[in-house]
Novice: 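Please read through the structure below; I'll follow up with questions.
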Protein chains: 2
Amino acid sequence: MALEHAILVSLLEKPGSGYELARRFERSIGYFWTATHQQIYRVLKRMEGDGWIDVREVPQQGRPDKKEYSVAAVGRAALSGWLHEPIEPESVRHDLAVKIRGAAFDDPAALIREVERHHQEHADRLAHYLAGELRDFTGPDAPRTPDAGRELQHAVLRGGIAYERMMLAWLDDVLATLHRLRP
Amino acid sequence: MALEHAILVSLLEKPGSGYELARRFERSIGYFWTATHQQIYRVLKRMEGDGWIDVREVPQQGRPDKKEYSVAAVGRAALSGWLHEPIEPESVRHDLAVKIRGAAFDDPAALIREVERHHQEHADRLAHYLAGELRDFTGPDAPRTPDAGRELQHAVLRGGIAYERMMLAWLDDVLATLHRLRP
DNA sequence: AGGGCCATGTAACTCGTTACATGATTCC
DNA sequence: GGAATCATGTAACGAGTTACATGGCCCT
């Protein structure tokens with residue numbers, strides 16, 4: 001539902017091709033929304049058909065030509081409309097929680113490795129976000145000029161950081177529980 | 001991908017009908033997985049066809065008859081297999097984060113109401129989880145006998161609690177940011 | 001008489017994932 | 001020579017959402 005809106009926001013921040021959008025969804029946008037290039041190309045087609053975005057063919061040397069998309073007036077209006085209508089808080093989906101409750105009917109100790117893997121993955125993500133924060137917001141090379149857009153991006157990033165820290169603490173808790181259950 | 005496994009876990013904890021499963025997915029299971037009754041009935045059909053679960057028609061008085069499902073040996077094996085294969089940590093999806101970044105191209109102050117609504121909703125969920133924790137795990141009426149299944153359920157619930165607390169703190173942060181950006 | 005709960009489902013649609021496909025350039 | 005990056009897509013399938021449908025019981 002919100003993929004088209006996420007694309008609009010990203011294109012407003014900076015116009016770009018489907019490929020570039022896919023890369024952004026792997027990086028900065030990735031900590032609150034994910035999408036593959038297949039999905040993105042499909043949605044871009046539809047958005048173009050609906051007049052939400054404009055395309056510009058950009059010939060390039062040494063690499064394939066690309067289509068650069070930018071937000072049209074209709075798209076901006078669509079985004080504004082969406083921003084003003086209320087949405088429901090997301091419901092969470094945690095495969096791992098299903099596994100943890102399922103472990104009661106299997107071998108709980110066998111889950112330890114899996115939980116440790118997840119712990120590592122979240123630690124990596126946290127490190128990545130913290131590096132980004134230092135680079136773009138709190139480090140010495142970060143811009144000092146006040147900018148609403150940057151402030152809001154930073155607030156979202158802080159959300160990603162808080163999420164990863166919470167997950168790490170909880171996974172520690174789960175690991176302790178699993179160890180306690182061992183014979 | 002994990003809905004069928006979530007159903008298996010729930011049916012192992014206690015057999016029940018599609019309707020009862022739907023209710024559980026609104027309550028206890030709801031803090032790590034959601035599903036509507038339409039989805040559940042569809043998947044139950046498939047699982048029954050695959051021999052994962054057994055059905056028993058239960059005639060009732062004063063209410064419609066129901067089909068009580070329980071996990072068959074094949075289903076137990078399927079769950080065990082799934083528990084032993086690694087899964088990737090979930091990627092997050094946050095509509096609200098899209099909105100916050102989008103607010104830079106609209107009126108940031110208009111988002112305050114929306115963020116406050118989400119704050120309220122998460123506060124409600126937290127209160128609900130804490131009440132459940134007191135009732136089932138930490139209160140005076142909670143069972144005292146050591147039980148691996150209960151320990152694991154409690155660990156998952158602590159995850160839900162940690163998540164809601166994190167969200168509340170982050171939404172406070174976002175609100176402060178939005179107020180700071182006001183003229 | 002009307003609303004809510006119990007109980008089961010079908011149908012249509014959108015969204016997301018996985019696999020397949022192509023082709024040039026750059027770097028090691 | 002082979003892998004990685006840039007760049008765009010199609011096709012098939014599985015998962016999730018929304019709307020519609022039925023019908024009896026219980027309570028006010």
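The analysis underlying the following values was restricted to heavy atoms, covering all of them including side chains, and did not include hydrogens, waters or symmetry mates. Below, read A as the first sequence line, B as the second, and so on, with proteins coming before strands; counting in each chain starts at 1.
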Novice: Measure from the side-chain heavy atoms of Thr36(A) and tell me the nearest of dA7(C), dC6(D), dT17(C).
Specialist: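 Between dA7(C), dC6(D), dT17(C), the one nearest the side chain of Thr36(A) would be dT17(C).
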Novice: dC15(C), OP1 or OP2 - any side-chain N/O from Gln39(A) closer than 4.0 Å?
Specialist: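 So the side-chain polar atoms of Gln39(A) never come under 4.0 Å of the phosphate oxygens OP1 or OP2 of dC15(C).
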Novice: Among dC6(D), dT18(C), dG9(C), find the nucleotide with the atom closest to the side chain of Arg63(A).
Specialist: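 The listed nucleotide nearest to Arg63(A)'s side chain is dC6(D).
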Novice: Tell me, please, which residues at least two apart from His37(B) pass side chain to side chain donor-acceptor pair (under 3.5 Å).
Specialist: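 Result, side chain to side chain donor-acceptor pair (under 3.5 Å) vs His37(B): none returned.
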Novice: Need to verify one output field. Residue with the more 5' nearest nucleotide on DNA chain C, Arg23(B) or Gln61(A)?
Specialist: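 Its nearest nucleotide lies further toward 5', so the answer is Arg23(B).
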Novice: So what does Thr34(A) hit on the nucleic acid, given a heavy-atom distance under 4.0 Å: a base, only sugar-phosphate, or nothing?
Specialist: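 Result for Thr34(A) = nothing.
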Novice: Given dG16(D), is OP1 or OP2 found less than 4.0 Å from the side-chain N or O atoms of Arg93(B)?
Specialist: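 So the side-chain polar atoms of Arg93(B) never come under 4.0 Å of the phosphate oxygens OP1 or OP2 of dG16(D).
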Novice: Would you mind telling me which of dG9(D), dC6(D), dT8(C) lies closest to the side-chain atoms of Tyr19(A)?
Specialist: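 Within the option list, the nearest is dC6(D).
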Novice: Classify Gln38(B) by what it touches in the nucleic acid, base, sugar-phosphate, or nothing, heavy-atom distance under 4.0 Å.
Specialist: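 Base, at least one base atom sits under 4.0 Å.
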Novice: Please test Val115(B) against Lys99(B) for side chain to side chain contact (heavy atoms under 4.5 Å, CB included), starting from the C-alpha separation and ending with a verdict.
Specialist: CA-CA 10 Å; Val115(B) 176; Lys99(B) 279 199 170 191; over 6 Å; no
Novice: Between the base of dT17(C) and the side chain of Arg42(A), is one N or O donor paired with an acceptor at under 3.5 angstrom?
Specialist: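 A donor-acceptor contact between them is present.
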Novice: Can you check whether His84(A)'s main-chain N or O pairs, donor with acceptor, with Glu114(B)'s side chain at less than 3.5 Å?
Specialist: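 Here the side-chain-to-backbone pair does not exist.
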Novice: Verify the contact: side-chain N or O of Lys45(B) to OP1 or OP2 of dT8(C), cut-off strictly under 4.0 Å; return yes or no.
Specialist: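 No.
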Novice: Nearest to the Lys67(B) side chain among dC6(C), dT8(C), dG9(D), which nucleotide is it?
Specialist: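 Given the options dC6(C), dT8(C), dG9(D), the side chain of Lys67(B) is closest to dT8(C).
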Novice: Would you list the pairs meeting salt bridge (charged side-chain N to carboxylate O under 4.0 Å, His left out) in which at least one residue belongs to residues 76-89 of chain A, sequence neighbours left out?
Specialist: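 Sorted result for residues 76-89 of chain A: Glu88(A)-Arg117(B).
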